[in-house]
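Given the structure is predicted, the values throughout are model-derived calculations rather than measurements.
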Amino acid sequence: MSDDLAERVQDVLAVDADEFEAQAKADAEVVKRELREGTFDNHQSIIGLEYEFYAVSDGRWSVNGEGANALMRVPRRLLELMGFEKELGLHNAEMTTSPQPLNPHGLRAQSSEVRARLSAALDCAGAEGMRLVSDGMWTIPPVGETAMEYLTDSISDKRVRLATNMSGSVRYHAMANGPTAPPSRTLEAPHVTLEADTVMPESLITSIQPHYQVSHAVDLPLFFNYALRAAGPLLALGVNSPFFPADLYDDDATPDEILEDGWDENRIAVFETVLNAGDHEKVRFPDDLGTVEDAVDRVADDSTMVPMSVTRGDRFDDEFATLRRKHGTYWRWVRPVFDGATRSSANARIEFRPIAAQPTVRDSLAFQAAFAGLMERLPRQEHPAINIEWETAKENFYTAMREGPHGDIHWLDADGDAVAGAELYEDVLVHARDGLRLAGCSEEQANYYLEPLRKRVETGVTPADWKRHRVRDHLDDGADFETALQEMQREYVEQQSETLLEGAFSDWF
């Protein structure tokens, strides 16, 4: 790591925390004033998507298959060529789509942009012998390294602790060096415990993050509270990270115990246990919102991990730049966002963060469409799901994390009756479809976008289920756990290579 990075981290650590907090609160008053003046209102709903990937070897130079699909570091110049953004780990890449109106043309534009940019990125990566993978968690470490070595390797430079395999993001490096930073961070999940002196273990996971921009900012709390109720059912259908790299499991854990006790969406546990350290509970299922001003105050009042200075320019959202900076470490599974480069583009939106990256683009876009459709339909219909107690919505979320759609998740249907299982998902998907219809989609178009999720309900198979079945099959054929896990992961990448851009997860079985 360079001296420059250590110096930049030192500069961050020198920022006066009290002054930073005071400026964030002043910025919050700016946002609340603009909310009262209607600056964040829009005449239509807008959608967007953040889509994360990790890079692996495509195996062309491996000997006897060794090293195929092993994690790879993405050169910065390659990210620039692809037009992708860096994420936490050197192996990560992120795409952010252009915001589009929620209508048939906007949905089609989102789909075309993701496929066009991803296709070009795959070509760029292929020239370097690597492939971008859409998945919830990587399980094959780089060649010649264990996952534990890769995730915990760090150096001390000018008394600054730097993770060797982390990108040059000062914010992430500063988290391990501030006055309130714990001496270590612990990743905890069934049969897995990992100690690290940086936040690097968070780079195990990748996600998709649909955005939904509300028309009238004052209504954001109602949409937000509906999103909390929908979080459990949608997470349940999207589970895709049941396994860690083999060397992270406890030595005494048997394959049967790992399969029996493991959770379907370990991504949730990774994010929470790694970043919720010391006095900072940054990642959690959020409380209901009462007013839109409450949403602003929550960000301003959130504990500060990294009081970074900001440069204020001529953009509209530079008027509350410190609050936006603080929002960068305000991690909730559903979170409000206020920004906009100009007054005319100012927006209040909901960022939906529970869903792991999916096996195919079509499956990923199905979650974007489902979330947007539910946001269009549920509040307008005054759907009884809003009457689900917050504690129940939270319990649903963590049940989904552990057991996917096979867990005991509670829902109220359109008549206010308690439903579960297939009836629950039928109600959720019918209202997602109806929301897309309200946005101008034909019934055929709406059904097309949601079909990948309906297939999961019909077959009872999620990506997490598919992975478990493949690992079990390899174990039954006599493989040890590490071999079974890596064979499953290679099959995942192989299946994805044929279906990522045009197919669907349901094509895999």
Problem - Step-by-step side-chain hydrogen bond (donor to acceptor under 3.5 Å, both in side chains) determination, Ser167 to Ser169 - result: CA-CA 6 Å; Ser167 71; Ser169 171; 5.0 Å; no
Exercise for the section: Any chance you could lay out the ring-ring contact (aromatic ring centres under 6.0 Å, His included) test for Tyr51 and Phe53, step after step, and finish with the verdict? Expected result: CA-CA 7 Å; Tyr51 198 155; Phe53 301 83; 4.3 Å; yes
Practice task
Check step by step if side-chain contact (heavy atoms from CB on, under 4.5 Å) holds for Thr304 and Glu21.
Solution key: CA-CA 8 Å; Thr304 297; Glu21 289 281 0; 2.3 Å; yes
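Ring orientation note: the planes of Phe316 and Phe320 are nearly perpendicular, at an angle over 60° on the 30°/60° scale. In this structure, Tyr150 and Trp138 have perpendicular ring planes: the angle between them is above 60°, well past the 30° mark. Using cut-offs of 30° and 60° for the angle between ring planes, the Phe371 and Tyr212 rings count as perpendicular.
For the side-chain contact (heavy atoms from CB on, under 4.5 Å) test, residues two or more places apart in sequence or in another chain that qualify with Ala464 are Val239, Pro242, Asp264, Thr462. Glu80 meets the side-chain contact (heavy atoms from CB on, under 4.5 Å) test with Arg76; sequence neighbours excluded.
Every pair passing ring pair (Phe, Tyr, Trp, His ring centres under 6.0 Å) that includes a residue from residues 402-422 is listed here, sequence neighbours excluded: His383-Trp411. Pairs passing the salt bridge (Lys or Arg N to Asp or Glu O under 4.0 Å) check and including a residue from residues 364-393, sequence neighbours excluded, read Glu376-Arg380. Residue pairs meeting the salt bridge (Lys or Arg N to Asp or Glu O under 4.0 Å) criterion with at least one partner in residues 293-316, sequence neighbours excluded, are Lys25-Asp301, Asp27-Arg312, Lys32-Asp297, Lys282-Asp302, Asp302-Arg332, Arg315-Asp317. Every pair passing salt bridge (Lys or Arg N to Asp or Glu O under 4.0 Å) that includes a residue from residues 403-431 is listed here, sequence neighbours excluded: Glu426-Arg454.
Interatomic distance, CD of Gln209 versus CD1 of Ile350, reported as 14.0 Å (0.5 Å rounding).
Between the side chain of Gln100 and the backbone N or O of Ala109 there is no donor-acceptor pair closer than 3.5 Å. Remark: the backbone N or O of Gln358 is not paired with any side-chain donor or acceptor of Asp363 at under 3.5 angstrom. With Asn42 contributing its side chain and Gln44 its backbone, the two residues share no donor-acceptor pair below 3.5 Å. Although no hydrogens or angles enter the test, the distance criterion places no donor-acceptor pair under 3.5 Å between the side chain of Trp263 and the main chain of Gly404. Without hydrogens or angle criteria, Arg185 side chain to Pro182 main chain gives no donor-acceptor distance under 3.5 Å.
Looking only at side-chain heavy atoms (C-beta outward), Phe84 and Val74 stay at 4.5 Å or farther from each other. Taking the side chain as every heavy atom from C-beta outward, Leu234 and Pro354 never approach each other to under 4.5 Å. The shortest side-chain heavy-atom distance between Arg324 and Val31 does not fall under the 4.5 Å cut-off. In this structure, the side chains of Arg115 and Arg362 come closer than 4.5 Å at one or more pairs of heavy atoms. Contact check for Ser134 versus Ser364: side-chain heavy atoms found under the 4.5 Å cut-off. For the pair Leu102 and Ile46, the minimum side-chain heavy-atom distance is 4.5 Å or more.
Thr193 and Glu188 share no side-chain donor-acceptor pair at under 3.5 Å. At a cut-off of 3.5 Å, with distance as the only test, no side-chain donor of Asn266 or Ser241 sits close to an acceptor on the other residue. With hydrogens and angles left out, the side-chain atoms of Glu50 and Thr96 include no donor and acceptor closer than 3.5 Å. A donor-acceptor contact under 3.5 angstrom links the side chains of Thr39 and Glu34, judged on distance only. In this structure, a donor-acceptor pair under 3.5 Å is present between the side chains of His105 and Arg108.
Put simply, the residue from Asn165, Thr164, Thr198 that forms a side chain to side chain donor-acceptor pair (under 3.5 Å) with Asp153 is Thr164.
With respect to the salt-bridge test (charged N to carboxylate O, under 4.0 angstrom), the residues Arg267 and Asp135 do not qualify. Using a cutoff of 4.0 Å between basic side-chain nitrogens and carboxylate oxygens, Arg353 and Glu351 are scored as salt-bridged.
Remark: Glu19 CD is loosely packed, at most 12 non-hydrogen atoms of other residues, nucleotides or ligands lying under 6.0 Å away.
When all heavy atoms of Pro463 and Arg456 are compared, the closest pair comes out as CD-NH1, 3.3 Å.
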